[in-house]
Amino acid sequence: MRTDTGQVFKLEDYRPNDYLIPQTNLTFRLSPDATRVTAVLTVERRDGVSASAPLVLDGDGLTLKRIEIGGKKAKPAEMLVTPDQLTILEPPAARRFQLLIETELTPVGNEALMGLYRSSNVYCTQCEAEGFRRITYFLDRPDILSVYTVRIEALREEAPLLLSNGNPVDKGDVGDGWHYAVWHDPFPKPSYLFALVAGNLGKVADSFVTLSGRMVELGIYVEPGKEKLAGYAMDALKRSMKWDEEAFGREYDLDVFNIVAVSDFNMGAMENKGLNIFNDKYVLADQETATDADFANIEAIIAHEYFHNWTGNRITCRDWFQLCLKEGLTVFRDHEFSADQRSRAVKRIAEVRTLRAHQFPEDQGPLAHPVRPRRYREINNFYTATVYEKGSEVVRMIRTILGPDAFRAGMDLYFERHDGDAATIEDFIKVFEDASGRDLSQFALWYHQAGTPNLTISSTHNPALQEFMLEIEQSVPPTPSESRKRLMHIPLAFGLIGAGGQPVDYSGVEGASVEDGVIHVRKRRHMVRFSGVAERPAVSLNRGFSAPVTLSVEQKADDQFFLARHDSDSFSRWQAFNTLLTDALIAASREILGGRQPVFASRLTELAGAIAGDETLEPAYRALALALPGEADIARDIGSNIDPDAIYAAREALALAIGTANPDNFAGLYDRLADKAAFSPDAASAGRRALRNTLLDYLSMQLGGAALAAGHFQSATNMTDRAAALAVLAHRHHCSPQAIQALAAFETTYGSDPLIMDKWFQIQASVPGPQAVDTVRALTAHPAFSMHNPNRVRSLIGTFSSANQTGFHRADGEGYRFFSQTVLEVEKRNPQLAARLATALRSWRSLEPGRQAKAREALLSIAKAGDLSADLSDIVDRTLA
Ligand SMILES: [Zn+2]
């Protein structure tokens with residue numbers, strides 16, 4: 001593990017290396033505690049570089065065994081060697097020469113899960129961002145593209161399967177029970193896309209014929225015996241391959257495409273060329289083991305990693321500052337894929353909820369950074385919601401501004417112009433300017449400037465002049481190291497709606513450029529004047545969430561109620577109701593803090609009932625509408641002086657009021673939605689289950705609720721219903737005999753399946769209240785729990801710290817104390833995971849003063865621990881700054 005050197009990497013310091021490595025030949029002789037890696041690198045000096053320029057290769061904790069320069073054993077005076085760097089002081093005079101480097105690794109002791117490691121007796125690798133330097137000395141940076149040939153040798157008994165990138169070219173016996181395989185990847189790639197897998201795995205095989213008629217062999221490799229759980233992932237892969245041909249004209253380019261599921265993995269999955277490696281939770285699924293959310297995630301992540309083959313692999317990033325070039329774009333592509341496979345309206349709402357829950361707090365707190373950062377201490381800490389989710393929103397805005405045809409022309413130009421390149425955000429923006437003839441220079445600020453812009457909007461109607469006016473003012477709040485902001489180009493989609501729900505026409509517009517229902521906000525202030533508007537319309541704003549901004553709108557409650565019933569834009573219709581709920585919850589939490597009982601307007605609780613029963617709306621949409629804003633969402637909207645207990649009480653009060661106002665229609669609908677057909681993971685069936693489980697949550701707060709939920713649990717025929725009922729019991733009736741019995745029954749049935757037990761940990765870690773910290777502490781000793789496995793740690797510790805507002809933010813600070821100790825314990829093994837966990841405290845300054853002081857103490861106790869990894873100290877220092 002690298003301890004923190006405090007070194008800051010800056011975008012403006014980028015320059016190409018003096019050397020290239022056009023070819024890389026690797027030989028691995030695998031053994032759990034002494035793997036030999038022989039790298040034969042063809043090194044080439046760039047034109048114009050002096051022959052005396054030293055060659056400096058990156059390493060990380062390496063043990064060098066042998067080195068030859070130009071075929072001769074290197075003399076000690078010719079080089080400087082440390083575990084973290086190898087410098088060839090005087091490279092050969094020839095422009096091209098060979099370098100042989102032999103290193104020895106200990107995969108079994110590698111708990112950071114970067115480089116070559118073992119997961120359940122399987123050798124596997126993770127090299128993004130800087131893991132390859134833990135395998136051999138290399139120019140470990142994404143602009144060094146190399147053609148790889150990889151020979152793997154292993155004991156056949158220990159590792160019958162030997163996989164790497166590209167196509168298989170040779171295999172055979174070595175003797176003494178050893179065998180080998182050789183893989184060759186014809187496409188030059190950066191080292192972060194290198195992968196190797198060796199072990200004993202079960203295979204699911206299939207094939208795909210590309211648009212141009214090429215046959216591709218597909219393989220998904222899983223723990224032996226789990227093959228039947230990979231069928232959905234395989235189906236998702238084939239649908240992804242077809243979709244990318246149709247939507248983006250992108251065909252697959254190798255003879256094989258392999259996916260391997262491993263159980264110890266820091267991320268969701270990794271797009272290594274031709275050999276994707278997945279966290280097994282994003283591959284394995286059937287109705288008994290996986291929820292509908294799991295199915296949707298598997299589909300999205302399989303697609304995401306596959307789509308990287310073009311956006312990430314064929315065109316890669318010049319440097320890590322450009323991470324959003326591959327990630328934001330590929331998230332956009334997987335969002336579009338899921339929208340086409342499922343319901344576009346429902347998908348969009350879910351995306352926005354995720355963005356607000358994860359990216360908005362990042363953008364509004366101490367860890368804010370631009371979509372393309374300009375500096376970093378530890379790149380592992382920039383795999384953030386800002387780079388991924390906001391990065392995707394920026395690509396979506398480009399499409400909104402250009403329209404779908406010009407956007408597609410720009411994408412085609414991007415693939416044509418940059419195939420084989422290590423590119424930049426500037427290259428990406430340029431293709432859209434060239435394809436459309438538009439100037440995107442102001443728009444490009446979305447990549448360069450951090451912070452969530454706010455639009456303050458008010459409207460007036462002048463019946464005498466038949467004029468409707470929108471006054472729009474933009475502001476971008478200051479963020480760390482960016483106190484002054486420039487004005488952004490914000491595409492604000494809108495609609496004017498008449499009293500009957502129909503769109504209102506206008507004869508002219510002045511004050512801003514308005515095209516295809518989008519106001520282009522570019523100045524600080526716009527007075528947008530619509531003429532020929534006889535009656536005052538209701539205005540629907542940021543339709544489809546056309547820009548990732550916050551709105552401060554002076555809008556009458558009557559208009560919100562109207563839009564929640566009549567807006568033809570499904571996102572804005574959902575938003576109108578969600579805003580009404582949020583406003584009511586904020587008001588209620590104030591009442592509670594003032595010692596009063598909150599009262600909710602009957603037209604709000606009645607509207608909830610009307611939406612639930614509205615058969616013109618998809619069930620999945622109704623489920624999303626009825627899901628109350630989360631406690632963290634409400635806290636974010638309140639902004640400061642947060643008391644999580646008051647927010648929780650407000651939310652409970654509103655849920656009770658809605659359930660109490662709609663007992664019969666909720667119960668009737670709950671009964672009618674019971675699935676009578678055989679299980680199917682399709683979106684429509686999942687939507688019905690989602691709505692029914694949302695109704696169960698409301699009904700469970702009424703008399704007899706625990707018994708209802710217990711019945712739901714017992715009669716469940718799939719994991720979606722079973723887990724939902726267990727959560728309702730644990731959260732709403734956590735001391736009831738029904739809850740205790742259900743938790744025990746679940747544990748008995750699934751105790752030996754780690755992925756399912758993750759749900760059991762999650763449900764208990766999120767039970768609200770002051771007892772949660774004791775529950776979670778006790779569960780760390782459960783035999784199914786392990787501090788060594790990232791999935792287990794995320795389900796228990798991650799859920800507690802990020803999704804249990806009242807438990808984690810317990811007023812006496814015990815939640816924070818437990819948390820800081822745990823983060824330090826995780827850090828000893830896995831700094832990346834510890835750093836990710838630590839971000840749970842990023843919004844500590846918005847808490848009320850008592851909790852704020854205790855959260856600060858916890859952060860300081862981590863900071864003072866000494867000998868911290870670069871990953872963790874970077875997060876903690878920025879959070880405290
Ligand atoms: Zn990705």
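Everything numeric in this text was worked out from a predicted model, so none of it was measured. One-based numbering, in listed order, for ligands and for the atoms of each.
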Intermediate values then yes/no, salt bridge (charged side-chain N to carboxylate O under 4.0 Å, His left out), Arg134 and Asp60:
CA-CA 5 Å; Arg134 292 163 65 91; Asp60 182 0; 3.6 Å; yes
No waters, cut-off 2.8 Å: how many protein N, O or S atoms are close to the Zn ion (ligand 1)?
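Total protein N/O/S atoms under 2.8 Å from the Zn ion (ligand 1): 4.
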Is a donor on one side and an acceptor on the other found under 3.5 Å between the side chain of Thr354 and the backbone of Ala350?
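Here the side-chain-to-backbone pair exists.
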Given ring pair (Phe, Tyr, Trp, His ring centres under 6.0 Å), test Phe307 with Phe337 step by step and report yes or no.
CA-CA 10 Å; Phe307 297 156; Phe337 168 73; 5.7 Å; yes
Please list, chain by chain and in numerical order, all residues satisfying salt bridge (Lys or Arg N to Asp or Glu O under 4.0 Å) with Arg239, sequence neighbours excluded.
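Once residues adjacent in sequence are excluded, the partners of Arg239 under the salt bridge (Lys or Arg N to Asp or Glu O under 4.0 Å) criterion are Asp235, Glu299.
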Go through the structure and list residues passing salt bridge (Lys or Arg N to Asp or Glu O under 4.0 Å) with Asp421, not counting sequence neighbours.
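Scan of Asp421 (salt bridge (Lys or Arg N to Asp or Glu O under 4.0 Å), adjacent residues dropped) gives none.
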Suppose the criterion is ring pair (Phe, Tyr, Trp, His ring centres under 6.0 Å): which pairs have a residue in residues 344-381, not counting sequence neighbours?
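Qualifying pairs, neighbours excluded: Phe9-Tyr376, Phe321-Tyr376, His369-Phe382.
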